[in-house]
Amino acid sequence: MEDISHIIDPLNAVQREAVAAPAEHLLILAGAGSGKTRVLVHRIAWILETQQASPHNILAVTFTNKAASEMQTRINQLLQTTTLGLWVGTFHGICHRLLRMHWQEARLPSTFQILDSDDQQRVIKRILTTFALDDKIWTPKQVQQFINNCKEQGLRSQHIIAEGYDLWLKQMLSLYQTYEEYCQKNGLVDFAELLLRTYETLRDNTALRATYQTRFRHVLVDEFQDTNDIQYKLLRILVGQHSYLFAVGDDDQSIYGWRGAKIENIQNLSKDYPAIHMIRLEQNYRSTGTILSVANNLIANNKKRLGKNLWTDGEAGEPVYLYSAYSEIDEAQFIVGKIADWVKKWQEVAILYRTSAQSRVFEEALIQKNIPYRIFGGLRFYERAEIKDVLAYLRLLHHRQNDTAFERIINLPKRGIGDKTLENLRAIARQHQCALWEAVHHAINAQLLTKRAATPLLEFVTFIDKLSEQLLDCSLSEKVQQIIQQMGLIAHYQKDDPIDAQRRQENLDELLRATQQFETQNKEEFDIVSAFLAQAALEAGEGQGSKFDDCVQLMTLHSAKGLEFSLVFLCGLEEGLFPHQNSLDEGNLEEERRLCYVGITRARQTLYLSHSETRAQYGQRNNAEQSRFIREIPSELLQEIRLKSAYSNHSGVQPSITLQVGDNVSHPTYGNGVIIEQEGQGELTRFQVRFAKGATKWLLLAYTRLEKC
DNA sequence: GCAGGAACCTTTTTT
DNA sequence: AGGTTCCTGC
């Protein structure tokens, strides 16, 4: 046996127990910062180096591409050899791979295309118009959600029975069925379909199932608490009689219930695999004792838990700070002020918030102080309109029957082909049971269109055919380059929005670079265009290229999962915002609390919590109550930086009522102004202030921060 | 068919 | 407030 000390030695006793456990089903309940990924990676290395299995026998599943690539990198680092045959990937990536290999068994055309959620919505929109339903009630979004929900539960339209007179369900089912037929006919596979189709194929095909059950002797799953129904079913079918499941998860970090993740799957494991061995990783290596204590106290308020208490043998560290701001602008300025004092790397600092809309004020404050920052989330690279435009051309060149691509670019750049003409084309396509591309030829041959519509259409198809022929022997990147140049896309964006055009141009350059890179990395690929398009759909790419290597990180709590920072600001802790009103309405308070727990446990060294007494939302300024999550943290763990001024008698900060009519004042949110009227007494004194910016406001002294100037 | 103004709607996000 | 989609008049 080879020397395996390098795999075992860096681990603590419990981690070692998990990594070197005998071949059996294992559930690792790994608390935040307890070395979850490390255990997974070392487990794989241990299996390989103790020669229990070859790379070929191992399947490791993650939820995000980022997690998958990190795991692959760390495995390679640890083993110092290539691990050919080892499958590490996302659920979707792995299913895509299986379907490409077994398209016949899956009853798919070999050329099936992946529909991203944007494409999916377009298809649904199109179906909805043919149903002629009230579009106020039947929105594409709702239908999309219904279909995806069904698929995520493993249900086809024919499996659902609408009882009695549930007309809504009946209508949804008929839409779902039409959608299924449309996708099947056109060889389209949406994200949920990748999983469902793989599941069904393995379920219905004994030989294939046996092949993979024998092959994958070890199935390892990361973030198990995030699995939904179909993912769980898929895992169950992949793990055969002689295979072992290694599931790593943390019920306290389950924050994706709203998109179908089932915490119950963790409990189901013990039912479905009675012999499963449960190991708890509770020692935290990330945060200070105080931060952990805050996290533990908060999460203890949740009833639905398996129970777990994180501990550390490190220092208690600094207290956790709490700042009560007057407005979200005050909050941002305080936080950015603290960041400006930070002497280590910017990338060690994160501002976490509940909703993306909160990022703006921070952005402005950071720009003002000249601090580099990066906002995560938002539109991702391959979701950008200009990228999707070029890829639609590529799709159409490659596959003239692709209606989704056709519809996207038929009038882009503007060719004078509008909705009416397109509607006619759709009708013709339906009539002849053909693609829109062929419908154009029918229409022109049979003279079904006005000259005004026919001329640009004929021009369009001729041009595409010509371009296609011209690019036949070109490489992927040459094709993309020619599309960008010959279709006049840049000029179109220039006309559309001259300010945005520069950025779009840069993105297109980036796309070109990505295709060149893809070419060099996939030299032996037979159908490189399809491979590239699939990758673009499955890996939508980062939100924005990191313009700076070292910048402050701004992100929602959801995107912060799995990351850690020395200095963390968790802001907007207000009732209605965090916990969010919608979650409260839907009874999902516990998930919000877990989200808060995730946020707290991101911090290594210093954690600031903040809330604001007022907040501008939907164009209105409202008073905001401090979040219950703050109240659930024992006050001795918190150090308040500025006490809530309103009505607090223990604050020590008396609102000073030395202002009077005629005084020039400044306000952190509205700027400078002059007091023109006064009413009320004591804490309830109100001033009417006319601000230089034009607004005149009544302000309750207790809730605002007016300063004489 | 298209541009520009009115009405509408605002959680989280991956694949 | 801001962004998107919808509607109307040219």
Side-chain angles (χ1 to χ4, degrees), chain A residues 61-68 89-96 114-121 125 135-136 139-141 145 148 151-152 189-196 198 223 226-228 230-231 254-261 328 352-361 376-380 382-383 385 410-411 414-423 450 452-453 456 495-496 534-543 555-562 572 576-586 588 591-592 594-596 598-599 615-622:
Chain A
V61 195
T62 64
F63 277 81
T64 64
N65 292 302
K66 201 171 149 200
T90 62
F91 273 103
H92 294 84
I94 282 158
C95 289
H96 176 238
I114 298 175
L115 221 52
D116 69 20
S117 59
D118 212 57
D119 299 333
Q120 185 187 33
Q121 203 163 56
K125 241 182 216 155
D135 57 5
K136 290 276 180 318
T139 63
K141 215 179 172 156
Q145 238 167 44
N148 290 340
K151 289 190 178 185
E152 277 159 17
V189 175
D190 62 45
F191 287 134
E193 184 75 29
L194 285 169
L195 306 190
L196 179 54
T198 306
E223 306 276 17
D226 289 336
T227 50
N228 60 27
I230 190 67
Q231 287 161 342
S254 161
I255 54 173
Y256 287 109
W258 51 274
R259 65 176 201 218
E328 70 281 355
L352 309 181
Y353 35 77
R354 180 63 179 82
T355 68
S356 331
Q358 288 167 256
S359 67
R360 259 194 85 133
V361 252
F376 280 71
L379 260 198
R380 318 237 301 295
Y382 285 105
E383 284 168 351
I410 181 65
N411 201 28
K414 300 225 159 66
R415 302 185 174 89
I417 303 165
D419 291 341
K420 254 279 141 40
T421 309
L422 196 55
E423 199 43 62
T450 59
R452 184 167 164 201
K495 203 173 143 206
D496 194 51
Q535 144 141 341
L538 282 173
E539 300 181 32
E542 280 289 330
M555 65 189 88
T556 62
L557 286 150
H558 282 90
S559 29
K561 189 162 86 161
L577 181 64
F578 191 26
H580 198 275
Q581 192 56 49
N582 294 1
S583 293
L584 293 174
D585 294 346
E586 290 159 22
N588 295 331
E591 182 157 311
E592 292 284 305
R594 291 193 291 269
L595 194 52
C596 190
V598 166
R615 185 167 294 270
Q617 238 176 341
Y618 309 139
Q620 268 200 321
R621 177 157 298 277
N622 300 313

Practice item. Send over the distance from A:N588 CG to B:dT11 P, rounded to a whole Å. Key: 14 Å

Practice item. Under 4.0 Å between any heavy atoms, over every strand shown, what does A:N411 touch: base, sugar-phosphate, or nothing? Just pick one. Key: sugar-phosphate

Point to revise | Short side-chain N/O contact to B:dT15 OP1/OP2 from A:R259, under 4.0 Å | key: no

Check your understanding: How close or far is atom C1' of B:dT15 from atom NZ of A:K561, stated in whole angstroms?
Key -> 14 Å

Exercise for review: Specify the residue among A:E591 and A:G418 whose closest nucleotide of DNA chain B lies further upstream toward the 5′ end.
Suggested key: A:G418

Review point. Which sits closer to the 5' end of DNA chain B, A:R415 or A:L538, going by the nucleotide each is nearest to?
Key: A:R415

Review point. Do A:W258 and A:H558 have ring centres separated by under 6.0 Å?
Key: yes

Review point. If you look at every strand shown and take non-hydrogen atoms under 4.0 Å, does A:Q120 touch a base, only sugar-phosphate, or nothing?
Key: nothing

Review point. Taking atom P of B:dT15 as reference, at what distance in whole Å does atom OH of A:Y256 sit?
Key: 9 Å

**Study point:** Face-to-face contact A:H580 to B:dT11 six-ring, under 5.5 Å, under 30°
**Key:** yes

Exercise for review: Could you check whether A:R452 gets within reach of a base, just the sugar-phosphate, or nothing at all, counting any heavy atom under 4.0 Å?
Suggested key: sugar-phosphate

Exercise for review: Would you indicate what A:Y618 reaches in the nucleic acid, counting non-hydrogen atoms under 4.0 angstrom: base, sugar-phosphate, or nothing?
Suggested key: base

Exercise for review: Tell me what A:S356 touches on the nucleic acid: a base, only sugar-phosphate, or nothing, going by heavy atoms under 4.0 Å.
Suggested key: sugar-phosphate

**Study point:** A:T421 side chain vs A:I417 backbone, donor-acceptor pair below 3.5 Å
**Key:** no

Review point. How close or far is atom C1' of B:dT11 from atom CZ of A:F578, stated in whole angstroms?
Key: 11 Å

Review point. Of all heavy-atom pairs between A:F578 and A:L595, which one has the smallest distance, and what is that distance?
Key: CZ-C, 4.0 Å

Point to revise | A:W258 aromatic ring stacked with six-membered ring of B:dT11, 5.5 Å and 30° | key: no

Practice item. Could you tell me the separation between the CG atom of A:L196 and the C1' atom of B:dT15, rounded to a whole number of Å? Key: 15 Å

Check your understanding: Checking A:E591 side chain against A:G257 main chain: does a donor-acceptor pair fall under 3.5 Å?
Key -> yes

Point to revise | Gap between atoms CD1 and P, on A:I94 and B:dT14 respectively (whole Å) | key: 19 Å

Review point. Looking only at N and O atoms, is any donor in the side chain of A:R354 or the base of B:dT12 less than 3.5 Å from an acceptor on the other one?
Key: yes

Review point. Picking from B:dC2, B:dT12, B:dT15, which would you name as closest to the side chain of A:K414?
Key: B:dC2

Practice item. Could you check how far NE2 of A:H92 sits from P of B:dT13, rounded to whole Å? Key: 17 Å

**Study point:** Polar side chain donor-acceptor pair, A:T556 to A:S559, under 3.5 angstrom
**Key:** yes

Exercise for review: For A:R360, answer base if it contacts any base atom (sugar-phosphate contacts may also be present), sugar-phosphate if it contacts only those atoms, and nothing otherwise; contact means non-hydrogen atoms under 4.0 Å.
Suggested key: sugar-phosphate

Review point. Rounded to the Å, how far apart are A:E223 CD and B:dT15 C1'?
Key: 15 Å

Study note, to complete from the structure: For A:Q120 and A:L115 the tightest heavy-atom approach is N-CG, 3.8 Å

Check your understanding: B:dT13, B:dT14, B:dT11: which one has an atom nearest the side-chain heavy atoms of A:R380?
Key -> B:dT14

Practice item. Output yes when at least one side-chain N/O atom of A:S583 is less than 4.0 Å from OP1 or OP2 of B:dT11, else no. Key: no

Check your understanding: A:N65 near the nucleic acid: base, sugar-phosphate alone, or nothing, with a heavy-atom cut-off under 4.0 Å?
Key -> sugar-phosphate

